[in-house]
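Read through the structure below, which is laid out as C-alpha cells, and then see the notes.
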Number of protein chains: 2
Amino acid sequence: MIRLFIAEDQRMLLGALGSLLDMEDDMKVIGQATNGEEAVAAILKLQPDVCLMDIEMPALNGLEVAEVLVQRSIPSKIIILTTFARPGYFERAVKLGVHGYLLKDGEIDELTDTIRKVMAGKRVFSPDLTFDIIREVNPLTPKEQEILRLAALGKTTKEITSELYLSSGTIRNYISEIIHKLGAKNRTEAASIAEKKGWI
Amino acid sequence: MIRLFIAEDQRMLLGALGSLLDMEDDMKVIGQATNGEEAVAAILKLQPDVCLMDIEMPALNGLEVAEVLVQRSIPSKIIILTTFARPGYFERAVKLGVHGYLLKDGEIDELTDTIRKVMAGKRVFSPDLTFDIIREVNPLTPKEQEILRLAALGKTTKEITSELYLSSGTIRNYISEIIHKLGAKNRTEAASIAEKKGWI
DNA sequence: ATCTCAAGATGACAAAAGTCATCATTTCCC
DNA sequence: GGGAAATGATGACTTTTGTCATCTTGAGAT
C-alpha cells in the first residue's frame, strides 16, 4: 500500500485528488495540507512514501518544502505537480533531485502511473517539459532578478535605489543589462517576459 | 438526474471533478471541454441542465462563453468556478446573470450543494466574495483597459498608436488618466495594480 | 605582488514617459 | 436647436528611462 501525502492550496483540487487516489486499491492518502509550513510539519511526522506537491502555495512554496525535506534526508519521494511549465521552476526542481514533475494539465491516469513508477524507483518528468524548455536557463543573476521584481511592480529607479542601497546609476545599468539579456525594449517588457518564463 | 457539463482547462481538475460528480446518485456528467469554443459548441448541442465553467480558458474565456449562452437564451444554468476572487470577474458574472459563482478554494461539498440549489432555482455566490469586493468596480473604460493591456506587455506609446490608430498624444493622455484613476505613479505600476484586481 | 574579474559608480546624452491647458468633433439628451 | 458629454488631438514642458564609455575598489587566483 502506497502511503500518500498531498500538499495543494486549491482546496477543490486537493479534495478531488484525495478522494480519487484514495479509491485506488494500492494507495492510501494519509495526510493533506494547504500550505507549505503545514506540509513540512506533517511530512516530518507521517513519513509518507510519496508526497504530491504543488509549487505555488502560501507560507512556503513547494520547492522550498522539497528543499527542507532534502536537507533533512527524509526518505519520502517527491512529485511536483504544478500548473506552470516555467523553465525556472523545472530547473530548480531537477537540481533538488525530486522524483517526478507533472503538469496539472495532464490526465489523472498519468498521475497514478507516475506515483507507481516513482515507488518503483524511477524518475518521471512530464514530456511537455523535457525538450526545449529545460535548456532555457534563467539568464538573470539573483541581483538582476531582485531588481526586475521591484521594477515589475512599477517601482521607479529612485525607489529601488533606497530599497537596495545602490546608486541610481547602478540600478539603471542593471536594468539596461536585464533589458539586453531578455531582448526586451524597456523594463516593462522585460518584466512581462521574465514573468511568463518564471524567471522572477 | 441532473445533467452536467464541465468546462475547465486544467485537465487534472476537469478529470477529477468529472469522476467525483459522476458518482453522485443524482448527477451525471454528459460532456466536458478544455476551452471556450469547444464548450459553446458542445453546450448548444447537449443542452445540459447545469454548466460548470472556469473563467481562464483558451479560445474563449468562461465569461465570454456565458455571454454567448445568455444571448442565445440557452436555458442551461451557469455556475462559474474560478481561482480568482477578482472584483472585475465577479462584477461581470453578476451582470450576465449567472446562477452561481464559486472559488476553487472551497470544498467539493460546497460544489455539489451549489449545483443542487441552483437546480432548485436559487442563486449561490461564494460568501468570500459578496462583501467588500463587490463594491470595487472597475474604474477603467473599455478603451482604457485595452490601452493598459498593451502597455502592460511593455509596448511603447508609439506601438500602441499604430495598433489603435490614435495619435501618440492621445495615448499619453489616456495613460495619464489611467495612472490617475488607479493611484499609480507610472504605467507599469498601473498595470500591476489592474492585473491584481482583474481589471484588465 | 600583480593580474583579473566582479560589483558599483559617474557623467553625458538621447529618447520616452507623464502632465496640463486648450481646442475640435461628434453624439446624445431635453 | 443649444448645451453637455465623450472622444480625440496639439503643443510645451519636466522627469524618467535607457545607453555607453569610463573609473574605482576589493576580492581571489597564481
Side-chain angles (χ1 to χ4, degrees), chain A residues 88 91-92 95 136-200, chain B residues 67 87-88 91-92 95 135-197 199-200:
Chain A
E91 192 194 339
R92 277 187 62 192
K95 278 196 190 139
E136 265 204 86
V137 175
N138 189 342
L140 304 178
T141 66
K143 186 131 253 151
E144 286 168 348
Q145 290 171 43
E146 193 177 11
I147 289 170
L148 187 53
R149 254 194 301 275
L150 295 172
L153 296 173
K155 306 236 183 198
T156 62
T157 300
K158 207 189 295 174
E159 288 171 320
I160 298 176
T161 280
S162 61
E163 282 202 44
L164 302 185
Y165 304 105
L166 291 173
S167 85
S168 69
T170 302
I171 300 292
R172 277 154 71 198
N173 287 340
Y174 269 111
I175 292 189
S176 188
E177 179 65 17
I178 292 168
I179 289 171
H180 214 108
K181 281 186 177 176
L182 301 185
K185 72 178 117 3
N186 56 45
R187 54 177 73 190
T188 311
E189 196 188 14
S192 164
I193 291 170
E195 246 154 38
K196 201 173 63 193
K197 302 261 191 180
W199 288 339
I200 57 172
Chain B
E67 206 172 341
E91 190 195 341
R92 277 186 63 192
K95 279 200 186 131
R135 271 174 246 299
E136 264 204 87
V137 174
N138 189 341
L140 304 177
T141 65
K143 186 131 252 152
E144 285 167 350
Q145 290 170 44
E146 193 177 9
I147 289 171
L148 187 53
R149 255 194 301 275
L150 294 172
L153 296 173
K155 307 236 183 198
T156 62
T157 299
K158 206 190 293 175
E159 289 172 317
I160 299 177
T161 281
S162 61
E163 283 202 44
L164 302 185
Y165 304 104
L166 291 173
S167 85
S168 71
T170 301
I171 298 292
R172 277 154 72 201
N173 288 339
Y174 268 111
I175 291 191
S176 190
E177 177 66 15
I178 291 168
I179 289 171
H180 214 106
K181 281 188 178 177
L182 300 184
K185 72 178 115 7
N186 55 45
R187 55 176 71 190
T188 311
E189 196 189 14
S192 163
I193 292 170
E195 247 154 36
K196 201 173 62 194
K197 302 260 190 182
W199 287 339
I200 57 173

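Lettering follows sequence order; numbering is per chain, from 1.
Between the CG atom of Leu150(B) and the C1' atom of dA17(C) there is a distance of 16 Å, given to the nearest Å. Computed from coordinates, the Arg187(A) CZ to dT16(D) C1' distance equals 8 Å when rounded to whole Å. What separates CG of Asn186(A) from P of dA17(C) is a distance of 7 Å, to the nearest Å. For the pair Ile175(A) CD1 and dA15(C) P, the interatomic distance rounds to 20 Å; values are reported in whole Å. When the C1' atom of dA14(C) is taken as reference, atom CD1 of Ile179(A) falls 15 Å away, rounded to whole Å. In this structure, Lys181(B) places its NZ atom 17 Å from C1' of dT19(C), rounding to the nearest Å. A straight line from CD1 of Ile147(B) to P of dG8(D) spans 8 Å, rounded to a whole angstrom. Taking atom CD of Glu144(A) as the reference point, atom C1' of dA6(C) lies 12 Å away to the nearest angstrom.
Nearest heavy atom pair, residue Ala191(A) against residue Ala152(A), reads CB-CB, 3.6 Å.
Residues Thr170(B) and Leu164(B) are not in side-chain contact: their nearest non-hydrogen atoms beyond the backbone lie 4.5 Å or more apart. Side-chain contact between Arg187(A) and Thr157(A): present, with at least one pair of heavy atoms (C-beta onward) separated by less than 4.5 Å. Taking the side chain as every heavy atom from C-beta outward, Leu140(B) and Leu182(B) approach each other to under 4.5 Å.
For the pair Thr157(A) and dT17(D), the criterion of a side-chain N or O lying under 4.0 Å from OP1 or OP2 is met. Applying the 4.0 Å criterion to OP1 and OP2 of dT17(D), one finds that Lys185(A) has every side-chain N and O outside that range. Residue Arg172(B) places no side-chain N or O under 4.0 Å from the OP1 or OP2 atom of dT19(C). One finds a side-chain N or O of Ser176(A) lying less than 4.0 angstrom from the OP1 or OP2 phosphate oxygen of dT19(D).
No hydrogens or angles considered: a donor-acceptor pair under 3.5 Å links the side chains of Thr188(B) and Thr188(A).
Between Leu166(B) and Thr156(A), it is Leu166(B) whose nearest contact on DNA chain D lies nearer the 5' terminus. Comparing Lys155(A) and Gly169(A), the nucleotide of DNA chain D nearest to each residue sits closer to the 5' end for Lys155(A).
Residue contacts shown for Thr170(A) include a base, since a base heavy atom lies under 4.0 Å away.
Residue Tyr174(A) places its side chain closer to dA7(C) than to any other of dA9(C), dG8(D), dA7(C).
Side chain Asn173(B) to base dT10(D): a donor-acceptor pair is found below 3.5 Å.
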